[in-house]
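Down below is the structure, laid out as structure tokens.
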Number of protein chains: 2
Amino acid sequence: MQSYTEENYLKTIYHLAEKTINVQTNAIAEQMQTKPASVTDMIKKLADKGLVDYIKYQGVTLTETGKNTAIDIVRKHRLWEVFLVDKLNFKWDEVHDVAEELEHIKSIELIERLDEFLGFPKADPHGDPIPDKNGRFAKTQFIKLIELTIGDQGTITGVTQHSSAFLKHLEKLGLTLGKKIQISDVTDFDGSVEILLSDKQVNISREVAKHILISSNGKN
Amino acid sequence: MQSYTEENYLKTIYHLAEKTINVQTNAIAEQMQTKPASVTDMIKKLADKGLVDYIKYQGVTLTETGKNTAIDIVRKHRLWEVFLVDKLNFKWDEVHDVAEELEHIKSIELIERLDEFLGFPKADPHGDPIPDKNGRFAKTQFIKLIELTIGDQGTITGVTQHSSAFLKHLEKLGLTLGKKIQISDVTDFDGSVEILLSDKQVNISREVAKHILISSNGKN
DNA sequence: AAAAATTTTTAGATTTACCTAAAAATAAAA
DNA sequence: TTTTATTTTTAGGTAAATCTAAAAATTTTT
């Protein structure tokens, strides 16, 4: 059984490990809004519990057990987000903080039943995949919108930026999950992308395009 | 903003205050499964925060602020219980522990929306009243089943005992919320009560009868 | 490869919520 | 009204998670 805090460390390490193999102390500290010294303390504790492998000055990796625990927290977080949006009518930019608390409620039965109540969703309101109760993710293949070229079409199926500002911006442009789009132009000057969205033209910056995930249907 | 633990103390004091005016240190300790010395520490802290009035050796009472905070936690607890039973199909004897955790999630918006999603319920699965967002309880008038006499009829609307054993027992006898009953006999020997429950005869002990609340329709 | 910069760890404190053991206050019994 | 019993508080200590400041290891630069 892990404490609330230990769970948050595991989750943070899990997410950081998606980008680098060995997760560094400073990276964890920044992500968790704490100091490196505190991270070192906690890492030792997690290592003692067999949840991470740790070599001094070399950063950490999750053990099998640690990874499973982390995935379970991610599962809870994303299921609660679906609940908040689908059942309680929260907007996709409003759910993160509450889910951050709900993810620590520790009843297996609760999550099983919630999963069923929600119809076993495969993705959360931002398109992030929800692992099943065995920790397995459904295979999905996304392309970043920025990688598409003129004429390509597809469906918006996720975002890689979860800030409220970004999500509100997309909402205002009408770029929400499930919308079908086609690339009509890419500006040479600033790399901004012109999108055809149900007969409406929308222009998005290169920065925005980087953070939208598309399930591609290939060329028109 | 109160800690998880402070909230639990306030809730416990609130419930104990339903029976006695001044709540004693030992009573709190027993209820919270902790030691009297720890209770004294916490009481001082709550007094400093203006949540309880405290005179050494004389026990505590909640201040207005303390009481409002406690009622808010009770509201959350009971709304989550309704959610668990109505939406996730938990049994009424399975919900307490999970609600005990959920009640500490601290988003006002969440509770407002949950309340609405559940159709603004007035009572939880055990018949306990749910205060509205202003902390007001709907007026209800219950009679303990034990106080009824032969011929009296009414509807089961609550219980004053929440143990899983008790609730499972009632369930097995068919004595669940909303059921209409009539007293057909009261045994002199042991005070046990004979009940007519939709043409079925059920006998319950005096001890059980004490903990069932009836909204009475008066004599037949 | 030595110097400088960065990252990480150690050492020693702090805060919260708890504990035990002993002292003090209050209540009950003789 | 003493004595006894009970309740409550104080004093001093522990564990978890944090902190700051300084030391140690690693990496980068010159």
Side-chain angles (χ1 to χ4, degrees), chain A residues 1-17 19-62 66 69-70 73 100-101 103-104 106, chain B residues 1-17 19-62 66 69-70 73 100-101 103-104 106:
Chain A
M1 190 87 294
Q2 287 78 227
S3 74
Y4 186 105
T5 311
E6 284 167 3
E7 288 191 353
N8 279 333
Y9 271 92
L10 291 175
K11 189 184 55 163
T12 298
I13 295 167
Y14 174 78
H15 286 309
L16 289 170
K19 278 156 196 175
T20 48
I21 304 133
N22 267 51
V23 179
Q24 290 177 286
T25 304
N26 273 0
I28 300 171
E30 191 191 7
Q31 196 66 200
M32 307 240 354
Q33 311 240 63
T34 185
K35 303 289 149 165
S38 309
V39 174
T40 302
D41 285 349
M42 180 55 85
I43 280 173
K44 282 181 188 162
K45 195 177 166 193
L46 294 174
D48 285 348
K49 288 193 172 188
L51 296 164
V52 299
D53 289 321
Y54 169 54
I55 305 163
K56 265 188 194 173
Y57 294 98
Q58 302 305 131
V60 284
T61 51
L62 292 172
T69 308
I73 300 159
E100 205 74 358
E101 289 190 61
E103 72 189 8
H104 300 290
K106 51 184 182 307
Chain B
M1 192 86 289
Q2 287 77 230
S3 74
Y4 186 106
T5 311
E6 285 167 1
E7 288 190 354
N8 279 333
Y9 271 91
L10 291 174
K11 190 184 55 165
T12 298
I13 295 166
Y14 174 78
H15 286 308
L16 289 170
K19 277 156 197 175
T20 48
I21 304 132
N22 267 53
V23 179
Q24 290 178 288
T25 304
N26 274 0
I28 300 172
E30 191 191 6
Q31 194 66 202
M32 306 239 356
Q33 312 239 65
T34 184
K35 303 289 149 165
S38 309
V39 174
T40 303
D41 284 349
M42 181 54 86
I43 281 173
K44 281 182 188 163
K45 193 176 166 194
L46 294 174
D48 285 347
K49 289 194 172 188
L51 296 164
V52 298
D53 289 321
Y54 169 54
I55 306 164
K56 266 188 195 173
Y57 295 98
Q58 300 306 131
V60 284
T61 51
L62 292 172
T69 309
I73 300 159
E100 206 72 359
E101 288 189 61
E103 73 189 5
H104 299 290
K106 51 186 182 310

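For B:Lys35, whose side chain is taken as the heavy atoms from C-beta onward, the closest listed nucleotide among C:dT10, D:dT9, C:dT20 is C:dT20. Taking only side-chain atoms of A:Ser38, from C-beta outward, the nucleotide of D:dT18, D:dA11, C:dT9 with the closest atom is D:dT18. The side chain of A:Thr34 has D:dT18 as its nearest neighbour among C:dT10, D:dT20, D:dT18.
Every residue meeting the side chain to side chain contact (heavy atoms under 4.5 Å, CB included) condition with B:Ala47, not counting sequence neighbours, appears here in chain and number order: B:Val52, B:Tyr54. When the side chain to side chain donor-acceptor pair (under 3.5 Å) test is applied to B:Lys56, no partner is found at least two apart in sequence or on another chain. Partners of A:Tyr4 under the ring-ring contact (aromatic ring centres under 6.0 Å, His included) rule, at least two apart in sequence or in another chain, are A:His104. Under the salt bridge (Lys or Arg N to Asp or Glu O under 4.0 Å) criterion, B:Glu6 pairs with B:Lys45, B:Lys49, not counting sequence neighbours. Residues passing the side chain to side chain contact (heavy atoms under 4.5 Å, CB included) test with B:Ala29, sequence neighbours excluded: B:Pro36, B:Val39. With sequence neighbours excluded, no residue satisfies side chain to side chain donor-acceptor pair (under 3.5 Å) with B:Lys44.
A heavy atom lying under 4.0 Å from DNA chain D marks the following residues of residues 48-58 of chain B, by number: B:Tyr54, B:Lys56, B:Tyr57. Near DNA chain C, meaning a heavy atom under 4.0 Å from it, residues 22-31 of chain A has A:Gln24, A:Thr25, A:Asn26 in order of number. Only B:Thr5, B:Tyr9, listed by number, bring a heavy atom of residues 4-11 of chain B to less than 4.0 angstrom from any atom of DNA chain C.
The interatomic distance linking B:Asp41 (CG) with D:dA11 (C1') rounds to 11 Å, in whole Å. Put simply, CD on A:Gln2 is 15 Å from C1' on D:dA16, counting in whole angstrom units. Rounded to whole Å, the distance from NZ on B:Lys44 to C1' on D:dT8 is 10 Å. Between A:Met42 atom CE and C:dT9 atom C1' the separation is 16 Å, expressed in whole Å.
Residues in residues 19-29 of chain A take part in no side chain to side chain donor-acceptor pair (under 3.5 Å) pair, two or more places apart or across chains. Judged as a salt bridge (charged side-chain N to carboxylate O under 4.0 Å, His left out), not a single pair has a partner in residues 24-43 of chain A (not counting sequence neighbours).
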DNA chain C in dot-bracket form (Watson-Crick or G-U pairs under 3.5 Å, [ ] crossing, | inter-strand) is ||||||||||||||||||||||||||||||
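Using a 4.5 Å heavy-atom cutoff, the side chains of A:Thr34 and A:Tyr9 are in contact. Proximity of A:Leu51 to A:Ile13: side-chain heavy atoms (C-beta onward) are nowhere separated by under 4.5 Å. Residues B:Ile28 and B:Ile43 have side chains in contact (heavy-atom distance under 4.5 Å, counting atoms from C-beta outward).
Scanning both residues, B:Leu62 and B:Ala70, for their nearest heavy atoms gives CD1-CB, 4.2 Å.
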What verdict does the side chain to side chain contact (heavy atoms under 4.5 Å, CB included) test give for A:Lys11 and A:Glu103, after you've listed the backbone C-alpha separation in whole Å, the side-chain angles of each residue and the deciding distance to 0.1 Å? CA-CA 11 Å; A:Lys11 189 184 55 163; A:Glu103 72 189 8; 2.7 Å; yes
